[in-house]
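Below is one structure, written out as structure tokens, with a few remarks after it.
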Amino acid sequence: MSDYLLEAKDVAMHFGGVKALDGVDFRLRKGELRCLLGPNGAGKTTFFRCLTGTHKPTRGRILFKGADIAGKERYDIARAGMGVKTQVPSLFDGLTAHENLWLALRTVKSAAEREARIADAMERVGVSALRSGVLGRMAHGQRQLVELAMVVASDPDLVLLDEPAAGMTDVEVDRLASIIRDLNRTHTVVVVEHDMHFIRMIADQVTVFHQGRILVEGHVERILADQTVRDVYLGKKHV
Amino acid sequence: MDYFLVVLFQIAGTVGNLALISVGLAVIFGMMRVINLAHGEFIMLGGFAAIFGVQAGINIWIAMLVVAPLSVAFLGIVVERLIMRRLYGRMVDTMLASWGLSLLLIGLATTFFGNRVVGIAAPVGSFQIGTYSLGAYDFVLTGIALAVFSSGYALLRFTPAGLIARATMQNREMASSLGIEPARVYAITFAIGAGLSGLAGGLLAPISGVLPTMGVAYVAKAFITVITGGASVITGTALSSVLLGSINTVSTFLTTPVIGDVALLLAATIFLRILPTGITGRIFKGAP
Amino acid sequence: MTVMALSRSGGVHVALAALAALAGIVILPNAAPLYTLINVTLYMSMGVFALSLALLWGYGGILCFGQSAFFGLGAYAYAVAAINFGDTTLAAVFAIGVPALFAAGLGYFLFYGRLSDVYLGVITLTVTLIFFKLINSTGGDAWRIGAARLGGFNGIPTTPLLTIPFTRIPMSPAQMFIFAAISLFSTYALCKGLIVTRFGRAVIAVRENEMRAELLGYNARRLKLAVFVISAGIAGLAGLLFANSVFVSPTMFSLSMAAQVLIWVVVGGLGTLFGPVAACFALQIATAVLGKLGIVDPNIVLGLVLIIFVVFVPGGIQPAFAALLHRLMDIRADRPVAGEVAR
Ligand SMILES: Nc1ncnc2c1ncn2[C@@H]1O[C@H](COP(=O)(O)OP(=O)(O)OP(=O)(O)O)[C@@H](O)[C@H]1O
Ligand SMILES: [Mg+2]
């Protein structure tokens, strides 16, 4: 078995003529906190979707804990320990926050343990006050947080977060950064983000996607200083 | 040889028939994503309109080709105003409401027109191929179906109104942001769709007779034809009519009419399992 | 309140239903004329039928337009098995098992093909129409399964009545009534119980958001298939009861049968169980009365009811009623504004 938790080898995803991913090689060690960045349409979300089984990659292998999961069923991958917060929050809108988290604890049999873990996850993410609110009636930022709590509650080996800070106020973003750092103490985390300020707060290793490939990878400060990266991406965005 | 020709003519007849009973539903579904389960009753009312027209002394061709579609189109406008308009965007609810409408129309027709078959004589006779005798009216039906489909295609493909219709079909939000008023497009579409169902009913009256509960037999067939056709209203419905009509005729010849109908429905079900977006969802993408 | 929260008061509801069933069983067979007794038995069979769709559509989110296929299949399976075996207890097992098995096959085809909701509705509708056509064309001696003649549009008037288990004595109308009441109550209790189990909650999760459910590790297709099969079994039980209170005929597969059960669920309230049963009873009584008076065609009434409910009362009566009740209680308690009310 390799010493990587996740190892993507030459992953490609083509939609007709669109090459959303075109040969991605990506490695992640257990315990890491990695940020993915890249301009709109670079393929970050598509990469996540291949990892979680929503898309079956056109080619390539994805080794998760040593087993190839490329093209496996979504629920099988989830059971293997992959948790994801999607770019557009995907929740059980007709149910309360508590019920949403309840459903995340699929494998927990004992009611007492379940309640304890729900309370703990809510505490960690800071959504205890939203416990009996119905998701469909919550603000976007709150929905983001409940979805995060849901992922935390299910205690996956790998946590994928797609633009978790989108639609949040500055105060909320600061809190989110500390939640994610705290989460990284116990979990391996990959975060897709555009907000540089936010990236600097949480990560030191970043991977830059561009046109379906990985452009460059390395320490955050070195990457942010890289001229190529500035050209494709940062030149147009706030640094 | 004669036998082969007869089968071929029969296929043409069935295809024309299927295309006619499906086109009204196809227009409404393709343009508005509304599944009109009262489609069969629109056909039934078209039949009654034609028969009452003839009984009132109107020429049979005018009764079938003008009175029937116009009266049902008028009903369509009323229904759109009173019911459908409130439910746009709620696909399941439009289905349920139109099912309610279907029951209501059956009940009303039974109450006012009686629960028995009424008919009119076909305006043309029959002709011979070898020892076989074929109804000439089948040819008339196929000819009219061809005319309806080709003019529909031309309308959608080459006129400004057709362009607006296609734009609305493909992207509702975009169309309305271009200043096309969707409510108007929908009202007109619903009326046209209803009118086409009425036309089918008028044309079928001489061959099948008219009965308040006759719609039930048509709605499933029409529906499955439209879905099998896929996204393109005209091309899709035409192609799936050809496919399913042939299957129906051939299996009817080999077995019984009931098994023929069952074969049609089964074939479509299996086809949809393989190609869930229909013929034009995959193969003839983009044709109107 | 949400669906899950609602189910927390499930115990009370089941107890109330048990009480109602018990009261019916004790009082009606002695007090009511035979005619009424048989009619109520029929209504209860329809109540079970209503529950089958209330569970499937309301909790599984699966819109089946052809629920009557399972209803009719159950009745025919029972009749054919009973005539062939001469034993009705085993035949009753067939009434539930055959539709369930058929649903397993059909459901595999539908759910594992990932067909969208709308197509699913249409295909199930088509399936019931296929049965309707086929069974209607089975007149004559050639169409028989073993000793049972299918009888075309006449159906099977010689359907044997259920016997008391381990005897050969057919049930009396009063006993049949009691059996139907127990069936209706048990089905209700079963559905109520099912939706609070881990399985039931997973089914609700899939209804709410299939993608999220799968991302959490729920096998959405298998859950849908399971609830589809359970619902078909319940519809088969309804068919069994129907076959014993009327007789088996192709109208069980008809479009109007398929429409009726849908109307009961819409009127009673999607996502509720008691509502559809209540609506079923109310509408059956209403159509029976109207039919007897002969003024209005029952189709007119059913059609109007369906249109009006879809357009003006989209939640159905049970939630509307609950909301009204809450508001009344809140006014009396003199509290400012009502809290969350069932959707
Ligand atoms: N299902 C799909 N069908 C066709 N094209 C797709 C599909 N999904 C994504 N794409 C295309 O693939 C490319 C990559 O999209 P993706 O959503 O992965 O980008 P992203 O990096 O997440 O961008 P953003 O920052 O905007 O979220 C885009 O050009 C997009 O249009
Ligand atoms: Mg993205």
Side-chain angles (χ1 to χ4, degrees), chain A residues 48-49 51-55 72-111 114 131-137 143 146-147 150-160 162, chain C residues 1-10 57-62 108 111-114 195-226 269-272 314-316 319 322-323 337-343:
Chain A
F48 270 15
R49 290 205 176 127
L51 296 182
T52 53
T54 296
H55 291 324
K72 281 251 183 74
E73 291 291 346
R74 228 169 6 198
Y75 53 85
D76 278 332
I77 296 175
R79 288 175 191 184
M82 184 95 69
V84 62
K85 195 212 83 62
T86 50
Q87 184 167 350
V88 177
S90 173
L91 292 144
F92 305 113
D93 281 344
L95 309 180
T96 64
H98 176 262
E99 287 161 346
N100 270 270
L101 264 72
W102 194 100
L103 287 165
L105 295 165
R106 198 179 53 82
T107 49
V108 180
K109 296 277 189 311
S110 125
R114 212 183 257 259
R131 185 185 153 90
S132 39
V134 174
L135 261 300
R137 303 203 191 103
R143 290 164 58 82
V146 173
E147 200 184 15
M150 206 159 158
V151 175
V152 169
S154 66
D155 193 23
D157 298 309
L158 175 58
V159 180
L160 307 175
D162 199 346
Chain C
M1 254 191 291
T2 66
V3 175
M4 284 195 184
L6 263 179
S7 58
R8 252 171 246 139
S9 49
W57 185 16
Y59 294 88
I62 299 164
Y108 182 79
F111 301 125
Y112 284 71
R114 294 222 189 248
I195 55 180
V196 293
T197 59
R198 292 154 54 86
F199 166 76
R201 291 180 172 215
V203 166
I204 293 173
V206 171
R207 178 200 68 186
E208 286 289 318
N209 184 341
E210 187 168 339
M211 178 170 99
R212 177 41 86 190
E214 288 205 339
L215 288 174
L216 290 174
Y218 293 100
N219 185 341
R221 280 171 288 180
R222 205 170 60 201
L223 286 164
K224 287 205 256 187
L225 183 61
L270 194 61
T272 69
V337 186
E340 303 289 26
V341 173
R343 64 175 174 109

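Salt bridge present: A:Glu147 and C:Arg212 bring a charged side-chain N and a carboxylate O closer than 4.0 Å.
Across A:Leu91 and C:Asn209, no two heavy atoms sit closer than the pair O-ND2, 3.0 Å. Counting all heavy atoms, side chain and backbone alike, A:Arg74 lies closest to C:Met211 at NH1-CG, 3.4 Å. Of all heavy-atom pairs between A:Ala78 and C:Gly217, the closest is CB-N, 3.4 Å.
Contact annotation: the side chain of A:Glu73 approaches that of C:Arg221 to within less than 4.5 Å [non-hydrogen atoms, C-beta and beyond].
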Distance-only check: which donor-acceptor pairs under 3.5 Å involve side-chain atoms of residues 150-159 of chain A, not counting sequence neighbours?
from	atom 1	to	atom 2	distance (Å)
A:Ser154	OG	A:Val151	O	2.9
A:Asp155	OD1	A:His187	NE2	2.6
A:Asp157	OD2	A:Lys65	NZ	2.5

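Separation of atoms CZ (C:Arg198) and CG (A:Leu105) is listed at 9.5 Å; rounding is to 0.5 Å. In this structure, C:Asn219 CG and A:Arg106 CZ are separated by 9.5 Å, a value rounded to the nearest 0.5 Å.
Annotation for C:Arg222: atom CZ does not count as buried by contact number, only 12 or fewer foreign heavy atoms lying within 6.0 Å.
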(request) Take C:Glu208 and A:Leu103, measure what side chain to side chain contact (heavy atoms under 4.5 Å, CB included) needs, and give me the verdict at the end. (result) CA-CA 11 Å; C:Glu208 286 289 318; A:Leu103 287 165; over 6 Å; no
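Neither the backbone nor the side chain of A:Ile77 comes within contact range of chain C; no heavy atom of the residue lies under 4.5 Å from a heavy atom of that chain.
Evaluation of the side chain to side chain contact (heavy atoms under 4.5 Å, CB included) rule for C:Leu223 yields C:Phe199, C:Ala202, C:Val203, C:Val206, C:Tyr218 as partners, not counting sequence neighbours.
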